[in-house]
Number of protein chains: 4
Amino acid sequence: MNRKAELKRQQIIKAAYQAVSDKGYEAVTLQDIANYANVSKGVPNYYFQNKEDVLAHLLAQITERIYKKEKEAVEKETSAQEMLQAYINTVFVSPEENEKFYRVYLDFLAQATKNNRYREINARFYQNCASISKEILTQAKKENVFVVNDFETAGRAIRTMIDGYMIQWMMTGDHAQHRSYKQACYQAITTYLS
Amino acid sequence: MNRKAELKRQQIIKAAYQAVSDKGYEAVTLQDIANYANVSKGVPNYYFQNKEDVLAHLLAQITERIYKKEKEAVEKETSAQEMLQAYINTVFVSPEENEKFYRVYLDFLAQATKNNRYREINARFYQNCASISKEILTQAKKENVFVVNDFETAGRAIRTMIDGYMIQWMMTGDHAQHRSYKQACYQAITTYLS
Amino acid sequence: MNRKAELKRQQIIKAAYQAVSDKGYEAVTLQDIANYANVSKGVPNYYFQNKEDVLAHLLAQITERIYKKEKEAVEKETSAQEMLQAYINTVFVSPEENEKFYRVYLDFLAQATKNNRYREINARFYQNCASISKEILTQAKKENVFVVNDFETAGRAIRTMIDGYMIQWMMTGDHAQHRSYKQACYQAITTYLS
Amino acid sequence: MNRKAELKRQQIIKAAYQAVSDKGYEAVTLQDIANYANVSKGVPNYYFQNKEDVLAHLLAQITERIYKKEKEAVEKETSAQEMLQAYINTVFVSPEENEKFYRVYLDFLAQATKNNRYREINARFYQNCASISKEILTQAKKENVFVVNDFETAGRAIRTMIDGYMIQWMMTGDHAQHRSYKQACYQAITTYLS
DNA sequence: AATGAATGAGGGTTCATTCAT
DNA sequence: CATGAATGAACCCTCATTCAT
């Protein structure tokens, strides 16, 4: 039975992702989430403590998924250059998906400044991202491509540029510029690492 | 009379700044703003069309102020190195002020993905920031310190790193690390430009 | 379940009838309606789109009910004279009921000049009233009592006098004069038709 | 000085007429009235006790004016037929003016069922209207055109038909039908009196 | 386990009224 | 006299949450 409950929770979180992406973090209602999940209004409250609890689980899940996708993509490659490229490609996957994810993620970042639960979830995400950078940089060192000693600092810089460029692209509101921001991001990172 | 009204509007915007910083964009109420301004509930609506109007004025004002401060600080200096240092110093002015500003600013960035008015205000801010970078890079070229040809791309990279590092620092929630993030940011920019 | 909901809607409309009759169309609040229905504040909004929706349903219902009552009463009779008498008797049913209904109905008439939805509901009511008059006049023609050829004109005249006398009686605010206004109305109509 | 004050009051009442006619009794605000009168927001409250006081004076004034106009028009004529015709012509003066006046007047009638002050003002208006009818009927008796003994009853019937037809016309919302309702009204009255 | 009716706090907004200037 | 800034009550409406079924 616990198995069934977990499925239901997944269904609700998935619906919440759609709902928040479409309506926005502040505009979304539990009714919206229930509608997207094709369940009745009381269900989200039945499977979660309250609205914030649903959204916190959503944040935890989407950051976890994104991380796994990025990690997988990077680990498929062998050379440092390819790994970095794969990383960036997976982050800048497509205008549509990026818009959807970052709309939600930006809302969470904004909330996280006042909400410790969100902050902690995001901290884990950052750590995970750092581990990806570390993998790439370790390989780069082996290959003697980028010679970086302080993995932590460089990893932070990489994520900084990814987030920074993504936000700047989001602010343009222009899908057509997605490719150029992606390239600029890749360029900036390699320039930085060289 | 118009003078007095302008002062009142300032008072309300200032109160809104405090209120949004404390409660967050979505949680703040007109009652909160009125309370922070020590006026009655109806006053914000008397001086502004509606809640969004108050907040849009707030965004416009804080971005404008930040820009002017940064510009002034940069223009006081003569060498490119000092200009960049002054820029970063002004951006990373203090944990307290940065926390206050970026709490509000992050909220607006999140909103801007769904609200054109905010998006436009932010676009102007980005342009202004680009003009500061340009000034620095122009001087750098003269001095032959950083040799950058594409000012736009480099300017974007600079702002990207500033925002990126600031957000990462915000997510730590730790005032003590402010200095180290500032240095990392400076380092990353100079590394990138070299 | 739908059955239950319909009952609830009826309950709210009935409460709205009382509330509007007591407080007036413009003065009545959703809170009033909720109070009269012995439900909480949110219920009217749960069963209806908004306040106007409640009131439009109220208008539609009371005009429909009045019409049906009048029609039934008229169709019970056989001679034209009796039919007319029954019509007038049903319209001028009692000071209490008339006061209640016309308080509400007058409010709606006043609103109808600015609100198309109300105007249309009233137009249907007028048509229904005209059909009653037509039935009476058709019978009268058979009996050779009143010889009227233009049913539409005469029907309009009948309703005109009914509404006109009723409003004049309302303005007296005097229940005791109800009978005399009813008689005057009947007299005026028969005089007009002869 | 009292003279000047009276002028100001007139100015406000006139503005209130325009404002109520345009916005409706329930929608009109003191700000609207002040705007139409080209005075500041505080003025209506300065010259009248409160909003209702303004509106009560408005009702008293417009009914008085209408009565005087009707009376004058009737007294210009000599024969009973012409007097009645002049009466009806003055009442049904034009679609525009009638719509303006009756929009306001209907609102007042609706209010009058719950507001004694309005009721009394309207009662005086009805008396005045009755006196006009009486004049006409007196002349008619002299001429042996309509032989009516009970002036009060007949006068009431006349006003009933006037109000009734006017309201029915208002409900059509159609300026083009104004003429036909006027004729129907005249016809109905003469039929009734014959 | 799931529903959805019901609650009621709290939001933004409007506006009559007051009152210092 | 006149202004219009300020007040705050009251409106409609939304929605998270509860709970009987």
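Convention: sequence-line order gives letters A, B, ...; per-chain numbering from 1.
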May I have the distance from [X] (atom [atom1]) to [N] (atom [atom2]), rounded to whole angstrom?
{"X": "B/D32", "N": "E/dG11", "atom1": "CG", "atom2": "C1'", "result": "11 Å"}
{"X": "C/Q11", "N": "E/dA5", "atom1": "CD", "atom2": "C1'", "result": "12 Å"}
{"X": "A/Q31", "N": "E/dA2", "atom1": "CD", "atom2": "C1'", "result": "14 Å"}
{"X": "B/Q49", "N": "E/dT14", "atom1": "CD", "atom2": "P", "result": "10 Å"}
{"X": "A/E26", "N": "F/dA16", "atom1": "CD", "atom2": "P", "result": "12 Å"}
{"X": "C/N35", "N": "F/dA10", "atom1": "CG", "atom2": "C1'", "result": "14 Å"}
{"X": "C/R3", "N": "E/dA5", "atom1": "CZ", "atom2": "C1'", "result": "18 Å"}
{"X": "A/K23", "N": "F/dT14", "atom1": "NZ", "atom2": "P", "result": "13 Å"}

[N]: pairing nucleotide in any strand, Watson-Crick or G-U under 3.5 angstrom:
{"N": "E/dA1", "value": "none"}
{"N": "E/dG10", "value": "F/dC13"}
{"N": "E/dT21", "value": "F/dA2"}

For the side chain of [X], counting heavy atoms from C-beta on, which of [options] is nearest?
{"X": "B/Y47", "options": "E/dT13, E/dT3, F/dA6", "result": "F/dA6"}
{"X": "A/K51", "options": "F/dA6, F/dA2, F/dT17", "result": "F/dT17"}
{"X": "A/L30", "options": "E/dG12, F/dA16, F/dC13", "result": "F/dA16"}

Would you call the rings of B/F101 and B/Y105 parallel, tilted or perpendicular if under 30° counts as parallel and over 60° as perpendicular?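 B/F101 vs B/Y105 ring planes: parallel.
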Take B/N2 and B/E6 through the test side chain to side chain donor-acceptor pair (under 3.5 Å) and record every step on the way to the result. CA-CA 6 Å; B/N2 220 325; B/E6 196 45 49; over 6 Å; no
side-chain N/O [X] vs [N] OP1/OP2, d < 4.0 Å:
{"X": "B/K4", "N": "E/dT21", "value": "no"}
{"X": "D/K41", "N": "F/dT3", "value": "no"}
{"X": "B/N45", "N": "E/dT13", "value": "yes"}
{"X": "A/Y46", "N": "E/dA1", "value": "yes"}

Considering heavy-atom distances to DNA chain E, does C/G42 or B/A27 have its closest nucleotide positioned more toward the 5' end? C/G42
Between D/T29 and A/S40, whichever has its closest DNA chain E nucleotide further toward 5' is A/S40
D/N35 and D/Q31: CA distance, side-chain angles, deciding distance, side chain to side chain donor-acceptor pair (under 3.5 Å) verdict: CA-CA 6 Å; D/N35 289 347; D/Q31 181 74 72; 3.1 Å; yes
Under a 4.5 Å cut-off applied to non-hydrogen side-chain atoms, are B/Q11 and B/V43 in contact?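 Side-chain contact under 4.5 Å: no.
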Ring-face cation contact, A/Y17 with A/K100, 6.0 Å cut, 45° max: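 The answer is yes; both the distance and angle limits are met.
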If every non-hydrogen atom of C/I33 is compared with every non-hydrogen atom of C/P44, which pair is closest and at what distance?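 Minimum heavy-atom separation between C/I33 and C/P44: CG2-CG, 4.4 Å.
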Looking for any heavy atom pair under 4.0 Å, which part of the strands does A/V28 touch: base, sugar-phosphate only, or nothing?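 The residue A/V28 makes sugar-phosphate contact but no base contact.
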